[in-house]
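Have a look at the structure below before the remarks.
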Amino acid sequence: MPELPEVERARAVIEAVALGRRIVTVDDADTYVCRPHAPGEIAAALTGRALTRAYRRGKTMWVDTDGGPVLGLHLGMAGRIVVDEPPAPNRWDRFVLEFDDGGRLALRDKRRLGRALLEPDLSRLGPDAARMGRETFRARIGAGRAPIKARLLDQHAIAGVGNLLADEVLWRAGIDPRRPTGDLSTAELDRLRRDLRASVRDATRQGGVHTGRFIRDRRVQTHCPRCGGELAKGVVGGRTTWWCPAEQA
DNA sequence: ACCTATGTTGATAC
DNA sequence: GGTATCAACATAGG
């Protein structure tokens, strides 16, 4: 589930209900989710601290603590942040903070591809997709020969776009996902940026990328929501890709 | 049973 | 350097 809109909602939840609460216990026993830390390392650094601010860039979140280290959080492919919910079965709560008021914050993730670590490295993360200016977008997205969809998925170039959101915005903008980036006109790049920002805004408000018109519709049928034509399916940038061959050129 | 698919990222190879 | 491929993880479904 988690692309930029889902992560922003998770960040907002942390901001709204988890800041200022004193941490008394940390479960960092999952050495894969908490890599490269050894069990107990994150616990030692965070016990007695409180979270003070929650940030996000692309799909990466990080949280400041009062006098302690920064805690990085990533939802991976199936992770969620849950606050003050009873523990999940099957050890799906991969990383847990317990507060002195009896509440808890958990990274709940069936797949274990989520991440919790101290002092995350953000240096290789591109600018946030929702806050990218026109000039920056043109420069970072418009150069090179990769298929445009592959570029949108490249977190070093632009942070926050995942497989579903990429299909949604390319459909909205009427651009073939296989087009080489360098072949896009300035007008097409500007349109793409506009549609991307709109898609992110809508999805964040409505609860996630699956609420997008193209993505939502595709769950029940494989026709274009606009023209009704049969959608095409293929692999672009290594990911399953759907598009409308009649409208996306 | 076995095979495929799945919203992620990172390492590796060309 | 840019791009493509595969592996990491665990679950769901045909």
Side-chain angles (χ1 to χ4, degrees), chain A residues 1-11 29-36 56-62 72-81 88-95 106-117 120-126 128-129 139-171 177-184 196 199-200 202-204 206-220 222 231 233-243:
Chain A
M1 236 154 60
E3 301 188 33
L4 192 159
E6 287 84 356
V7 180
E8 172 54 27
R9 287 171 74 91
R11 189 207 64 79
D30 191 317
T31 55
Y32 187 74
V33 169
C34 296
R35 71 190 182 283
R56 178 195 61 75
R57 186 150 107 226
K59 306 172 197 171
T60 297
M61 288 180 283
W62 65 99
L73 294 168
H74 197 291
L75 300 179
M77 208 164 185
R80 300 191 288 144
I81 296 294
N90 305 318
R91 309 193 49 100
W92 285 335
D93 289 344
R94 310 294 181 180
F95 175 79
L107 169 58
R108 184 165 296 176
D109 180 13
K110 292 186 181 183
R111 300 271 308 266
R112 276 178 92 200
L113 291 168
R115 239 8 234 285
L117 79 168
D121 175 19
L122 307 172
S123 65
R124 288 186 299 276
L125 206 53
D128 188 77
R140 299 184 76 97
I141 305 301
R145 299 300 299 168
I148 179 60
K149 176 168 177 182
R151 179 61 50 82
L152 289 174
L153 295 176
D154 180 353
Q155 305 299 303
H156 311 304
I158 174 172
V161 181
N163 194 41
L164 298 185
L165 189 55
D167 281 0
E168 174 81 26
V169 301
L170 288 167
W171 173 78
R178 302 166 298 179
R179 287 267 297 286
T181 52
D183 287 358
L184 297 179
L196 172 56
S199 296
V200 167
D202 293 349
T204 303
Q206 294 169 33
V209 292
H210 62 276
T211 62
R213 187 172 172 212
F214 182 72
I215 297 305
R216 172 169 35 92
D217 210 71
R218 211 202 63 218
R219 300 181 126 187
V220 291
T222 58
L231 295 179
K233 181 189 181 186
V235 175
V236 181
R239 313 294 304 278
T240 298
T241 300
W242 294 84
W243 72 97

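This structure is a prediction, so every number in the text was calculated from the model and none was measured. Heavy-atom basis, side chains included; hydrogens, waters and symmetry copies ignored. Chain naming here is simple, since letters A, B, ... match the order of the sequence lines and numbering starts at 1 in each.
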Closest to the A:Ala150 side chain, choosing from B:dG7, C:dT3, C:dA4: C:dA4
Main-chain N/O of A:Arg91 paired to A:Arg94 side chain as donor or acceptor, under 3.5 Å: yes
Residue from A:Glu168, A:Lys149, A:Glu3 passing side-chain hydrogen bond (donor to acceptor under 3.5 Å, both in side chains) with A:Asn163: A:Lys149
Atom pair distance, as rounded to whole Å: CD in A:Gln155 and P in B:dG7: 14 Å
Side-chain donor/acceptor of A:Arg111 to backbone N/O of A:Met77, under 3.5 Å: no
Gap between atoms CG and C1', on A:Leu153 and B:dG7 respectively (whole Å): 11 Å
Neighbour count >12 (heavy atoms, 6.0 Å) for atom CZ, A:Arg35: yes
Pairing partner (Watson-Crick or G-U wobble, both distances under 3.5 angstrom) of B:dC14: C:dG2
Between B:dT4 (P) and A:Arg239 (CZ): distance, integer Å: 18 Å
Sugar-phosphate, base or nothing in reach of A:Arg145, heavy atoms under 4.0 Å: sugar-phosphate
Polar side-chain atom of A:Arg218 near backbone of A:Trp242 as donor-acceptor pair, under 3.5 Å: no
Nucleotide B:dA5, atom C1' - distance to CG of A:Asn163 in whole Å: 12 Å
Phosphate-side-chain proximity, A:Arg151 and C:dT3, N/O vs OP1/OP2 below 4.0 Å: yes
Check: A:Arg56 side chain, A:Gly58 main-chain N or O, donor-acceptor pair, under 3.5 Å: yes
Heavy-atom donor-acceptor pair, A:Lys233 side chain to A:Trp243 backbone, under 3.5 Å: no
Touch class at under 4.0 angstrom, heavy-atom based, for A:Gly162 against every strand present: sugar-phosphate
Short side-chain N/O contact from A:Arg124 to OP1 or OP2 of B:dT9, under 4.0 Å: no
Whole-Å gap separating C1' (C:dG2) and NE2 (A:His156): 11 Å
Base paired to B:dT6 (Watson-Crick or G-U; both N/O distances under 3.5 angstrom): C:dA10
Atom-pair distance (CG on A:Asp121; P on B:dT9), nearest Å: 14 Å
Nucleotide-resolved protein contact map, nucleotides 6-14 of chain C, B/S/- at heavy-atom distance under 4.0 Å: --BBBSS--
Separation of atom CD in A:Glu8 from atom P in B:dG7, rounded to whole Å: 22 Å
B:dC3 versus C:dA7 - spacing of their P atoms, nearest Å: 15 Å
A:Arg9 side chain vs A:Glu6 backbone, donor-acceptor pair below 3.5 Å: no
Phosphate OP1/OP2 of B:dT9: any A:His74 side-chain N/O under 4.0 Å: yes
Any A:Thr240 side-chain N or O less than 4.0 Å from OP1/OP2 of B:dA5: no
Distance in angstrom units between A:Asp154 CG and C:dA4 P, rounded: 11 Å
